Amino acid sequence: MNLHQCFLTQNNCYKAGRTIVPQGIMVHSTGASNPNLRRYIGPDDGLLGPVSSENWNTAIPGGLEVCVNAFIGKLKDGSIATYQTLPWNMRGWHAGGSANDTHIGFEICEDGLSDKEYFNAVYKEAVELCTYLCKLYGLTEQNIICHSEGYTLGIASNHADVMHWFPRHGKSMDTFRAAVKAALIEQEDEDMTQDTFNKLMNAWQEQSDPIYKTMDDVPAYWKDDAAELVEAGAIKGNGVHSFGIRQSTLKAAIICKRYADNICR
Ligand SMILES: [Zn+2]
C-alpha cells in the first residue's frame with residue numbers, strides 16, 4: 001500500500017469532528033470517470049498534481065455533505081496511492097445511512113470502468129488498505145461491505161457501488177473479502193516471532209504433556225510404580241523435591257518397569 005495523508009480540514013464533516021468506534025469498513029467507488037486523486041483531494045503536495053477546483057477540501061463539495069476517510073486513485077505520475085482524508089475513527093459522510101456511525105468509508109476513484117490494468121491496481125490497493133484497517137481495529141474480512149451491500153442491509157442509501165464495476169473484471173465483494181482474509185493470514189504468519197512461537201509451544205506442551213514436579217502431581221494409578229522407580233534410583237529425585245519428569249517420559253519408564261517386573265516374576 002502506498003499510503004499518504006491529506007486531511008480535508010475545510011470539509012464540514014471534518015469540522016463536525018465526530019468520532020466512531022470502527023466496527024466495519026465500507027468500500028465505495030466515485031461514480032464518475034476521473035481516476036485522479038487531485039479531483040477530490042487538495043492542496044497539491046507535489047505528488048497529487050494541480051488540484052481540481054471541485055475538490056472535497058471545501059465545506060460542502062458540489063453542494064453535498066460528503067466526506068470519506070480515504071481515497072484510492074492516481075497520482076500525477078500515474079502511480080496508484082491511498083490518501084487518508086479523515087482520521088480513521090472520524091465519522092464520515094459516505095453511507096447516507098446508519099453505517100456512518102459504524103463504518104470507515106473509502107472511495108476508489110473510477111475511470112471508464114473498462115481498463116483492466118487500472119482496476120487490478122486499485123483493487124490490490126483496496127485489499128491492502130482493508131487488511132491494514134482490519135489489523136488496526138481488530139476486524140476481519142467479514143466486517144467489510146460495499147455501499148450496495150450496505151443498502152441491502154438497510155444501513156446505507158441506494159447506490160450500486162462497487163458491484164456495477166467489480167464484476168466487469170471478474171471480481172466481487174466475495175473475492176475481495178477472500179483476498180483480505182488471505183492477506184490477514186499471511187500477515188499473521190509474518191508476525192510470528194521465535195519468541196511468540198516458543199510461548200505458544202510451551203503452553204501447548206504444558207497442556208498435552210504436563211510436567212510432574214513432585215510425587216503429588218503423579219496420577220494415583222502410577223504412584224506405586226513411580227515410587228519404586230525413585231527408590232531404585234531409576235528416576236532421580238525423591239519424589240518430593242526436583243522430581244521433574246514429564247507425563248510421556250514417566251509413562252515410558254513405567255512401561256519398561258512393568259515389562260521388567262513381568263519377566264522377573
Ligand atoms: Zn458509495
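Order of listing sets the numbers, starting from 1, for every ligand and every atom in it. All values below were derived from every heavy atom in this structure, side-chain atoms included, with hydrogens, water molecules and symmetry-related copies excluded. A quick note: this is a predicted structure, and the numbers were derived from the prediction, not measured.
The closest side-chain heavy-atom distance from His94 to Asn100 is below 4.5 Å.
Around CD of Glu190, the count of heavy atoms belonging to other residues, nucleotides or ligands within 6.0 Å exceeds 12.
Ring-plane geometry between His159 and His147 is classed as parallel, the angle between the planes falling under 30 degrees on a 0 to 90 degree scale with a further cut at 60. Relative ring orientation between Tyr123 and Phe176 is described as perpendicular, the plane-to-plane angle rising above 60° on a 0-90° scale split at 30° and 60°.
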Given Gln194 and Asn198, is the side-chain hydrogen bond (donor to acceptor under 3.5 Å, both in side chains) satisfied, shown in steps?
CA-CA 6 Å; Gln194 187 66 49; Asn198 290 348; 3.0 Å; yes
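Residues passing the side chain to side chain contact (heavy atoms under 4.5 Å, CB included) test with Glu128, sequence neighbours excluded: Met1, Lys124, Glu125.
Listing protein N, O or S atoms at distances below 2.8 Å from the Zn ion (ligand 1), with waters left out, gives His28 ND1, His147 ND1, Asp161 OD2.
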